[in-house]
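Working notes, beginning with the structure itself.
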Protein chains: 2
Amino acid sequence: MTTKDTIIKLASDLILEKGFNAFSFYDLSEKMGIKTASIHYHFPSKTDLGIAVIRQQSESFIALQAATESKDALSKLEAFFSIYIRHKSQGKVCLVGSLCTDLYSLDPAIEKELKPVVEGILQWVTDILKEGKRKGVFHFSAAPRTKALLLITNMLGILQVSRITGKTDFNEVRTALLKELKTKKE
Amino acid sequence: MTTKDTIIKLASDLILEKGFNAFSFYDLSEKMGIKTASIHYHFPSKTDLGIAVIRQQSESFIALQAATESKDALSKLEAFFSIYIRHKSQGKVCLVGSLCTDLYSLDPAIEKELKPVVEGILQWVTDILKEGKRKGVFHFSAAPRTKALLLITNMLGILQVSRITGKTDFNEVRTALLKELKTKKE
DNA sequence: GTCTATATTCCGATAGAC
DNA sequence: GTCTATCGGAATATAGAC
């Protein structure tokens, strides 16, 4: 892995652990054994680094989307959930939640970069739900996009809340969501 | 309102707007027309101020709980939602979401203060759901505490996500949640 | 209770040598 | 591409006068 990629990876970890405003170039320099000036060589400003983190996560999302393209709706949804499972196992929140709470304190370029990513995720989950409903494996009555917002906010929110209420609540919520989606109504 | 209360109110606003790590005593001093040293007289440390903000919100929650005690379950749930509606109208996220994303960068005293508050809210919503189900006005299959987590994370999450996806998504989600709860299954 | 003044620390960022 | 050195600014916090 290049130095640049290592910086992005460690910055990403810190943003999901402590928040964008709570991590510093010095934190990275300590972990990497290089000086802060060297980090500035790769990313002139902290905003530049933030944007790189968003792009990296976006690519990761798109790769997961592509890798599960031929699978059924349930597998796709489980792939989507797997992202949050991994985050939870590391005590992290998700990038959207972390950046959105701090959004109005950040450079507008961050919001600009984040917006299409969020919309892409929302579209992906919406499509998964539509497909699942069409094939009769998912059952829900709300509009697909609304149902996608519900699922996304449940996962985003439980990563945050379960930092306080306890780790087991994450699986409680994830399991309930799957069960509810699979259950036929009326 | 006393100076102390004004500080708490403005600090609360800033935490919900920009996050704990992004606001400063200087921000408060500017808004109030007093110096930062005067704020330190009331709150020796920023952590002390954070704790005061949590206590104030906790009292506000408990007051709402008490004020709606004799009402029906639907009214209680709408009272709970009204908190988020007010926040959304001001572009704010909720205190739990804001503090949880930054939690691991804050003084442990913050977490200690926040934990019983979150548990109190969770208990309240759980009780509302239990009552609603018993009286036949709410319908859901998950455990009441799990369903409460789902509702809370939906509201917490949509305050954050709708900063990006657009304001109307908040009402979309809120309406869908109420409709789903009121709909009888099978 | 609020002020001036200041101590201290930390952070983002840049210049210039290697 | 990484280093040393440093600038400029901002933030928390404290001392002491009023």
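No hydrogens, no waters, no symmetry mates; every other heavy atom, side chains included, goes into these values. Below, read A as the first sequence line, B as the second, and so on, with proteins coming before strands; counting in each chain starts at 1. Quick caveat, the model's predicted, so the values are computed rather than measured.
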Examine the side chains of [X] and [Y] and answer whether a donor and an acceptor come within less than 3.5 Å of each other.
X      : Y      : result
B:S12  : B:Q57  : yes
B:D169 : B:T165 : yes
A:K88  : A:S162 : yes
B:N21  : B:S105 : yes

State which residues pass salt bridge (Lys or Arg N to Asp or Glu O under 4.0 Å) with A:E113; sequence neighbours excluded, sorted by chain then number.
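Once residues adjacent in sequence are excluded, the partners of A:E113 under the salt bridge (Lys or Arg N to Asp or Glu O under 4.0 Å) criterion are A:R55.
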Whole angstrom is fine here: how far is it from [atom1] in [X] over to [atom2] in [N]?
X     : N      : atom1 : atom2 : result
A:L49 : C:dA13 : CG    : P     : 10 Å
B:K35 : C:dA5  : NZ    : P     : 10 Å
A:I39 : C:dC11 : CD1   : C1'   : 12 Å
B:K4  : C:dT2  : NZ    : C1'   : 15 Å

Counting only side-chain nitrogens and oxygens, does A:S38 get under 4.0 Å of the OP1 or OP2 atom of D:dC3?
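Yes.
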In terms of the angle between their ring planes, are B:F80 and B:F61 parallel, tilted or perpendicular, with boundaries placed at 30° and 60°?
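Taking B:F61 first and then B:F80, their aromatic rings sit tilted (interplane angle of 30° to 60°).
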Establish, yes or no, whether the cationic atom of B:K130 lies under 6.0 Å from the six-membered ring centre of B:F138 and within 45° of the ring axis.
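No, B:K130 does not lie over the aromatic ring of B:F138.
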Kindly confirm or rule out a cation-pi arrangement of A:K46 over A:F25, judged by NZ or CZ under 6.0 Å from the six-membered ring centre and within 45° of its axis?
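No.
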Name the pairs: protein N/O against N/O of nucleotides 14-18 of chain D, kept only if under 3.5 Å.
none

Using heavy atoms and a sub-4.0 Å distance, could you list which residues of residues 12-30 of chain B are near DNA chain C? By number, please.
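Those residues whose heavy atoms fall under 4.0 Å from DNA chain C, taken from residues 12-30 of chain B, amount to none.
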Within the structure shown, what part of the strands sits under 4.0 Å from B:K46 by heavy-atom distance: base, sugar-phosphate, or nothing?
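Sugar-phosphate only.
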